[in-house]
Number of protein chains: 2
Amino acid sequence: RKLDKSRQDRLYFDSYSDVTIHEEMIADHVRTNAYRTAIFRNTELIRGRAVLDVGAGTGVLSIFCAQAGARRVFAVEACSIAEQAEEIVKHNKVEDIVQVIRGTVETVDLPEKVEVIVSEWMGYALLHESMLNSVLYARDKWLKPGGLILPSRAELYITPISDPVVEDRLFFWYTVKDQYGVDMSCMSDFARKCIKNTDITVSSVAVKDVLSHPARFAELDLNSVTVEELRSVKGPFRCESFGSAAVNAFCVYFTVTFPCPGVPQTLVLSTSPSQPETHWKQAVLYLDSPVEVVQDTPVTGEVRMYPSEDSARHICVHVDYTVGQQKTQSKTFSIPDWTPDTQS
Amino acid sequence: RKLDKSRQDRLYFDSYSDVTIHEEMIADHVRTNAYRTAIFRNTELIRGRAVLDVGAGTGVLSIFCAQAGARRVFAVEACSIAEQAEEIVKHNKVEDIVQVIRGTVETVDLPEKVEVIVSEWMGYALLHESMLNSVLYARDKWLKPGGLILPSRAELYITPISDPVVEDRLFFWYTVKDQYGVDMSCMSDFARKCIKNTDITVSSVAVKDVLSHPARFAELDLNSVTVEELRSVKGPFRCESFGSAAVNAFCVYFTVTFPCPGVPQTLVLSTSPSQPETHWKQAVLYLDSPVEVVQDTPVTGEVRMYPSEDSARHICVHVDYTVGQQKTQSKTFSIPDWTPDTQS
């Protein structure tokens, strides 16, 4: 009798609680460099201005803004990591510029409105446990008209995939007889029920398993989107298969875009499986049974993302999908509900 | 804002709940082959006899016993996996021999006493959430005098190690300035507090990080050990360093031994870092600060393992240790308390 793998990993990772998430975020070069580059490219809009960093964590983005010439940075952070942010700010001698404020952005009082909001608010599948609502609240309350939001746009994509790991895991039970002389093939059905459930799986999708060009199904303009609109983020999609394969899952991922005035191309932080891995990886939604496709088979449908009824911070993803001439199917996924936020 | 790594892994692995633990155990060839070999080597004691499998899981050990000629096997399993065990037994046409009984061994009623008990009861650090108490209960209630217990002995070992990953993680914060131009070295102290806490970490220790021959500090004879004795499993240890290094943790692991009548050597299932990896890996206990050793520096002390006061199924490990001429230090570790058993 022993712990299952999930509990085992909890043992491993929770022994690193608190620091691990920040280490992971700072060590995610795709993420941290995207913000750093975006902030420095916007130096003209930041220099001499007041900036609000929503959910500042260790304060690294706030310090980037100070280095870019901000007159004042309000680093708002609700969790106890704010204490470390305070130390780091002093250590970098920007305490006259960066003010760490412990509290939620909905409750803190700032001495002035700001010209810039910077925030790294994105969660798994973009919206899971995300702070986007808080960023929009901050925007409406504290951002001066025409102010800058970094990032300013978010996009959601979907693509059908063929995940071999899951099929291998189901096949494992057919291999037991050869290994140990006991036929355990009937475990395969049980394994299918356990694995191909309605949970959203966060994992790295290999490019070779992606079966079509991804389709964008939703776009959020951070300058204008409302909290009300976040209650149902949806859109249609159409993908066409690269070749013959068995679709056994959808992959959902996001990008966020930073405006870069005077630079021909915008700066995109992408969590696509075809881009360097980030700590967000991808969201994988397993279908109940694989569907065969050939080259150019259309995979069409609609995705709708909405907060769970049980917990507004939890996201549900509903997918209606049609593969070729087959009839439309539907499945609703969610990220399993865990204990309340452990980050405080 | 996003989930920390522990929650992320929970997302990943809990989507495979139920089946994953059984897949992991069956796929652990070291474990499964040790039991299979032990059962077949004991054919003479099993043939025509009644066997009790305590915590039978998918029933694979019970089927091995049936294949070894048991007249009757009682596969007692409290969790719902018993339903799958029942199916597997039928699938292997041993339903006339193996009787799956859903319930705890403390409450089930068997039609007869048995000559053999087989059980895979070992948890992390041997005793964490282990079923050993249940095996002893079963032994005292259902095993005929002189009966066979597989395995029949368990041993606990300790060895000082130098874990480079943890030191690398602390050093990471010194590298941030070069990467992003922000000095985050002051996070190192916070990281140290988070990482070098009193939690037992379950992870694979590399042989190259082991600093001495391991020392056995406790041995349990399954034929005679009592539940009362399990309330404090302890013993002294003495290790001598292979060479110059910084001890930053202790590694605790176990072996279990199967009697093999008529075979010159016994059969040992070892979870030593120098043996092929098992799903138990090793238990790592981090010291608050590293201690330098040179060749032959003695590392001596005493280990005491006892059930947590909060939860009898949780194990605490107290280590008193002396390195060379330094004064004796003490630290008590435990495996973090999680939600109640998810395996039911």
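Values below: every heavy atom of this structure, side chains too, minus hydrogens, waters and symmetry copies.
Across all non-hydrogen atoms, the minimal contact from Ser185(B) to His91(A) is OG-NE2, 3.4 Å. Nearest approach of His22(A) to Met187(B), heavy atoms of both residues: CB-CE, 4.4 Å. When all heavy atoms are compared, the tightest approach of Glu23(A) to Arg169(B) is OE1-NH2, 2.7 Å. Closest non-hydrogen pair, Ile26(B) versus Tyr180(A), comes out as O-OH, 2.7 Å.
Proximity to chain B among residues 61-70 of chain A is limited to Ile63(A), Phe64(A), Gln67(A), judged by heavy-atom separations below 4.5 angstrom.
Only the side chain of Val176(A) comes within contact range of chain B, with heavy atoms under 4.5 Å apart. Using a 4.5 Å cut-off between heavy atoms, Asn33(A) touches chain B through backbone and side chain atoms alike. Of the two parts of Thr58(A), the backbone and the side chain both hold a non-hydrogen atom closer than 4.5 Å to a non-hydrogen atom of chain B.
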Candidate pair Ile88(A) and Cys186(B), rule side-chain contact (heavy atoms from CB on, under 4.5 Å), full reasoning
CA-CA 7 Å; Ile88(A) 292 166; Cys186(B) 58; 3.5 Å; yes
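Evaluation of the side chain to side chain donor-acceptor pair (under 3.5 Å) rule for Thr104(A) yields Thr107(A) as partners, not counting sequence neighbours. Looking at residues two or more places apart in sequence or on another chain, you find no side chain to side chain donor-acceptor pair (under 3.5 Å) involving Gln84(B).
The stretch residues 82-91 of chain B participates, sequence neighbours left out, in these salt bridge (Lys or Arg N to Asp or Glu O under 4.0 Å) pairs: Glu83(B)-Arg102(B).
Counting only distance, with no hydrogens or angles, the side chain of Asp183(B) and the backbone of Asn92(A) share no donor-acceptor pair below 3.5 Å.
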